[in-house]
Amino acid sequence: MTSSFSNLSLAEPLARAVAEMGYESMTPIQEQAIPVVLTGQDVMGAAQTGTGKTAAFSLPLLQRLLKHESSSTSPARHPVRALVLLPTRELADQVAQQIALYAKYTKLRSTVVFGGMDMKPQTIELKKGVEVLVATPGRLLDHIEAKNAVLNQVEYVVLDEADRMLDIGFLPDLQRILSYLPKQRTTLLFSATFSPEIKRLASSYLQNPITIEVARPNETASTVEQRFYSANDDDKRRAIHQVLKSRGIKQAFIFVNSKLGCARLARSLEREGLKTTALHGDKSQDERLKALEAFKSGEVDLLVCTDVAARGLDIKDVPAVFNFDVPFNAEDYVHRIGRTGRAGASGLAVTLVSGSDARLVADIEKLIKKKIDLEAIEYEEDQPRGRINDGRRAWREAGETGDGRDALPAAPAAPRRERDQRVGREGREQHRGFRPAVASRDPFFEKPYEASAAADATPAWEAAKSAPRSSVSANIKPKRKVAALFKAAQPETSVQ
DNA sequence: AAAAAAC
């Protein structure tokens, strides 16, 4: 049994880098995936968050690049032989840095390209030639079209966070990129979450794949303590203060569903005396990288973020994750809470649940196959509460560039009376009685806090779980889209 | 109900 990196017979330069980084024993996904990737077969790999998937594919990939000379007859001295695709810029940056460390003592070159940064330095690096290219889809297509990147010699393609890469928002770009790659190649897919639909879609991009599942897909890390607290919207910041204080937590990710909500919440928490920064897609790339760096260095304690930060980011010893908003997709819940409890450390995940979130929490419970109990928080009197201010003023105060128009909610679609009536009825039936006791709409600090919300929350909670799914449920739409795409999905066309 | 990814 090879459970130690030293038993792997990695090429000397790789073994040296690994030893220098202090890696000794392998995690289960590494133990299982590395030998298979070394054979050059296609892989679909699922393992919990924070268990070392990046090393699980990049080490054997580099080993193969070292062992097998390029079969290229092209004059390019360093054709791109391996392509690694990721869904966010920060993640691409992180994975590229990790690969560069592993490849440090080899002659293999690697670089990363992603949007929001000047094309020129990236172009210079690409023209020098790299064997390993890490990228986000949009910017890679730009470089392909500008003929800065030639991908007709690619032997390996990795889709990290594969289920996201195959999702409706990314699939068109992904298909275009794949159409530039040779058909004869190895394809590796990794993620902590795979839905049955995505698995089927994924299999159309794989040839005789080996499936590696360390534990069940969608399983949350056992090192994360998951808590669900009942809190109406005006009590949510108060809940954060209370949990931070009572558990003695210094640092945390706080996830919010919208960019505007993210900017507002960050501003409010900052005002309430917490060292906070915001990370979302309407910030400049410079601001995004700075926010992440400030959190990593401990300069700020709270990173208020959208799902741009939900996946893959590996920051050591983050003690807690808050879901200020319950995520729309249950898979995102698994990824969000995976920012804590990494590499065997312990972590706390707190989800703040308001009256209208019942369906979403029921979806999470079903996905992670763990019973969820909704609890009440015992507040100390001095925690701030109340509605946070809104509009463009908040946007400006949050230090955002622009006027915030981009982040304002889109105008609602034209109402359809029949649908609206049905939705209204179903919504009322579904959530009847679930509404917390304190339906506080009080302006900031006006009314004293009243009784706890959870007392009457549980019965309706149970009811909501077994209630029929509403036709407006967020999960229906993506699934339908995926199914349609699956029907339409065609494996990539051959090289021009 | 949203976010992400290109200029």
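Naming convention: chains lettered A, B, ... in sequence-line order (proteins, then strands); numbering from 1 in each chain.
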Got a salt bridge between A:Glu131 and A:Arg81, using NZ or NE/NH1/NH2 to carboxylate O under 4.0 Å? no
Of the listed nucleotides (B:dA3, B:dA1, B:dA6), which one gets closest to any side-chain atom of A:Leu360? B:dA1
Nearest-nucleotide pick for A:Val308, side chain only, options being B:dA6, B:dA1, B:dA5: B:dA5
Taking only Lys NZ, Arg NE, NH1 and NH2, and the carboxylate oxygens of Asp or Glu, determine whether A:Arg342 and A:Asp314 approach each other closer than 4.0 Å. yes
In whole angstroms, the gap separating P of B:dA5 from NZ of A:Lys283 amounts to 14 Å
Taking CG from A:Asp160 and P from B:dA4, how many angstroms apart are they, rounded to a whole number? 18 Å
Run the ring-centre check on A:Tyr156 versus A:Phe57 and record whether the distance is less than 6.0 Å. no
Who passes salt bridge (charged side-chain N to carboxylate O under 4.0 Å, His left out) against A:Asp286, sequence neighbours left out? A:Lys290
Can you find a side chain N or O atom of A:Arg89 that sits less than 4.0 Å from OP1 or OP2 on B:dA5? yes
Select base, sugar-phosphate, or nothing to describe what A:Gly169 touches, counting heavy atoms under 4.0 Å on all strands. base
Which nucleotide in the set B:dA5, B:dA2, B:dA4 lies at the smallest distance from any side-chain heavy atom of A:His280? B:dA4
A:Arg176 CZ - B:dA6 P separation (whole Å): 12 Å
How many whole angstroms separate atom CG of A:Leu159 from atom C1' of B:dA5? 14 Å
So, OP1 or OP2 of B:dA3: does either fall under 4.0 Å of a side-chain N or O from A:Thr88? no
Hey, is the side chain of A:Arg164 poking within less than 4.0 Å of OP1 or OP2 on B:dA3, counting only N and O atoms? no
Could you give the CZ-to-P distance, from A:Arg288 to B:dA3, as a whole number of Å? 13 Å
Within this structure, what is the CD-to-P distance between A:Gln285 and B:dA6, rounded to whole angstrom? 9 Å
Between B:dA5 atom P and A:Met117 atom CE, what is the distance in whole Å? 13 Å
Classify the side chain of A:Asn329 versus the base of B:dA2 as yes if they form a donor-acceptor pair under 3.5 Å and no if they do not. yes
Using whole Å, report how far CD1 of A:Ile177 lies from C1' of B:dA6. 11 Å
For A:Asp173, which contact category applies under a 4.0 Å heavy-atom criterion: base, sugar-phosphate, or nothing? nothing
Please confirm whether the shortest side-chain N or O distance from A:Thr306 to OP1 or OP2 of B:dA2 is below 4.0 Å. no
Side-chain H-bond candidate by donor/acceptor type, A:Glu365 with A:Tyr333, under 3.5 Å: no
